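Predicted, not measured: the structure shown is a model, and the values here were computed from it. Below, chain A is the first sequence line, B the second, and so on; all start at residue 1. Just so you know, these numbers use all the heavy atoms, side chains as well, and skip hydrogens, waters and symmetry mates.
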There are 2 protein chains.
Amino acid sequence: MPSNRAGGSDSVGRMTYRDIKADILERILNGTWPPGSAVPNEQDLALEYGAARATVNRAMRELVDEGYVERKRKAGTRVRMAPVRQVRFEIPLIRKEIEERGASYRYALIRSEAMSAPDWLRARLNLKPGTEVLHLVCMHFGDGRPYQLEDRWINLAATPQGRDFDFSTVGPNDWLVQQVPYSDVEISFSATSADPEQAMLLNCHAGDALFRVERQTTWQGQVVTYVSLIYRPDHRMTTRY
Amino acid sequence: MPSNRAGGSDSVGRMTYRDIKADILERILNGTWPPGSAVPNEQDLALEYGAARATVNRAMRELVDEGYVERKRKAGTRVRMAPVRQVRFEIPLIRKEIEERGASYRYALIRSEAMSAPDWLRARLNLKPGTEVLHLVCMHFGDGRPYQLEDRWINLAATPQGRDFDFSTVGPNDWLVQQVPYSDVEISFSATSADPEQAMLLNCHAGDALFRVERQTTWQGQVVTYVSLIYRPDHRMTTRY
DNA sequence: GGATGTCATTTGTATAGACTTTAACCTTGA
DNA sequence: TCAAGGTTAAAGTCTATACAAATGACATCC
């Protein structure tokens, strides 16, 4: 075997796109190619790494994806001045979220009521006057302690099957995922003060600062559901990038 | 002009990987291939679309990336039962964040003090006893109103240049991005109650629920900085997916 | 000077073919 | 019945080549 490439070669000495990507990233991170500087073109890199241009291209495309470099035809590739700080995290089903923390999961339906959509909801979800909605309040427990309070509104015009479904054992999220698996979602994170009922359910004090996730799900132009997920005090949503 | 791209093919009738991806996604969304079902293998799809297998492969890889399908060698490709709900959003520099809301940006340094790291910070950042840190408190204003309170600790052992830098006009984040452009970041979102000083600075009431982002930045195994970013009341961080 | 056009460079994408890796499935044997 | 091992289908990757598309640089023309 002729070539001997330290740090990333198979038995034939061939570098994979991963090796190439890692090598380029290394040079960016260690300052060989500082922010703003130009990276050699694909042809030259292919030559240097003894790979096909397509292989270098794939490595580069991933580096673009991850925000390290910018590319322009004819102008070439440069290391980004300020990296694009992008967070990417998964929104697991609440059951999985709790179980992944090593706690046992329990679900409870607190309240379930079909009604005509109140004005604030109609305005928020852009519903026609008189639209029927299902209002559900549920609790999710981890190791028996309150973990998340779910306050959900389901548009019965969009999913009429929901009217007769029994949510006392299956959580509305699990059910909805079956009904409308792929949909557009708008999600937002904020802080809110516990009102007396929330404090009671979450076993904290009224006025406590709580972390809240709100999600609005749309399918084929129609809002399917709006949910407010309020976490127990001190909850943190953490990720690395 | 020969090519007519409407609908997904060029003049030769050749489909790009984007076309193929869109077509497959369409079939997933409209229920042709429901959750859990198997998608034809690459070879067959290549045949169907009149494309090379590599082209189909690229389309598929992106669908995996976006959480629509799962692939396993030998077993083939299936539509995911529950889509991987993943949020991906960018963390802009605060100046840009404010300006993108159409507001004017203003920065003010409230306090700056070099000191030996307090115990809680030492524990949190895993610093040696006696490590010197710079503690900065800054405000970011949008249209003259408080927008974000930045409470930052900089490890002077990692970035000694910070000791003599004047942060009264340049925000610490802008400065740090220059110093350590690429680093590992742990970010977390939570809610916190305004203490009296925070309330005063953010022009709200003590006890108000505030949205907080905490960020810890590591470079080459050493914690460079820890920052707590507290937003004015009612702040929401929103994204779509 | 400024608008316009041409050329060359670089990335973007497609292709056919080959080889590699994984793991589902089947066969064999205890 | 079950475990070990072989077979083989499918995705994963690489290569060499080709052409497309964008655009920076330069020349040309008015």
Test item: A/Trp153 and A/Leu134 side chains (from C-beta on) under 4.5 Å apart, heavy atoms = no

Can a donor-acceptor pair be found between the side chains of B/Thr77 and B/Arg71 at a distance below 3.5 Å?
-> yes

Do the side-chain N and O atoms of A/Arg95 and A/Tyr107 include a donor-acceptor pair separated by under 3.5 angstrom?
-> no

Phosphate OP1/OP2 of C/dT10 contacted by A/Lys72 side-chain N/O (<4.0 Å) = no

Are side-chain N/O atoms of A/Asn57 and A/Tyr17 paired as donor and acceptor at under 3.5 Å?
-> no

Under 4.0 Å from any atom of DNA chain C, heavy atoms only: list the residues of residues 33-47 of chain A that qualify, in numerical order.
-> A/Asn41, A/Glu42

Has the side chain of A/Arg73 got a donor or acceptor that lies under 3.5 Å from a partner of the other kind on the base of C/dT10?
-> no

For residues A/Val39 and A/Leu45, determine if any side-chain heavy atom of one lies less than 4.5 Å from a side-chain heavy atom of the other.
-> yes

For the pair A/Arg58 and A/Arg61, evaluate side chain to side chain contact (heavy atoms under 4.5 Å, CB included) and give the outcome as yes or no after the intermediate values.
-> CA-CA 5 Å; A/Arg58 176 152 181 200; A/Arg61 262 191 292 120; 3.9 Å; yes

Examine D/dT13: is either OP1 or OP2 under 4.0 Å from a nitrogen or oxygen in the side chain of A/Thr55? Give yes or no.
-> no

Taking atom types as modelled, is there a side-chain donor on B/Ser104 or B/Asp143 under 3.5 Å from an acceptor on the other?
-> yes

Take A/Tyr17 and A/Lys74, find for each the nucleotide of DNA chain D with the closest heavy atom, and name the residue whose nucleotide sits nearer the 5' end.
-> A/Tyr17

May I ask you to evaluate whether B/Thr16 reaches the phosphate of C/dA14, defined as a side-chain N or O under 4.0 Å from OP1 or OP2?
-> yes

Taking the six-membered ring for Trp and the full ring for Phe, Tyr or His, determine whether the centres of B/Tyr105 and B/Phe141 are under 6.0 Å apart.
-> no

Does anything in residues 57-64 of chain B reach DNA chain C, meaning a heavy atom under 4.0 Å, and if so which residues?
-> B/Arg58

Establish, with yes or no, whether the OP1 or OP2 oxygen of D/dA10 is under 4.0 angstrom from a side-chain nitrogen or oxygen of B/Thr77.
-> no

Starting at atom CD1 of B/Ile20, determine the distance to atom C1' of C/dA14, rounded to an integer number of angstrom.
-> 10 Å

Ring centre gap for B/Tyr231 and A/Phe189 strictly below 6.0 Å = no

Checking only heavy atoms, does the side chain of B/Arg53 share a donor-acceptor pair with the base of D/dT13 at less than 3.5 Å?
-> yes

Between atom CE in A/Met15 and atom P in D/dT15, what is the gap in whole Å?
-> 11 Å

Euclidean distance, atom CD of residue B/Glu70 to atom C1' of D/dG12 [Å, nearest integer] = 17 Å

Can you tell me the distance, in whole Å, between the CG atom of A/Asp65 and the C1' atom of C/dG12?
-> 14 Å

Rounded to the nearest angstrom, tell me the gap between atom CZ in B/Arg78 and atom P in D/dA11.
-> 12 Å

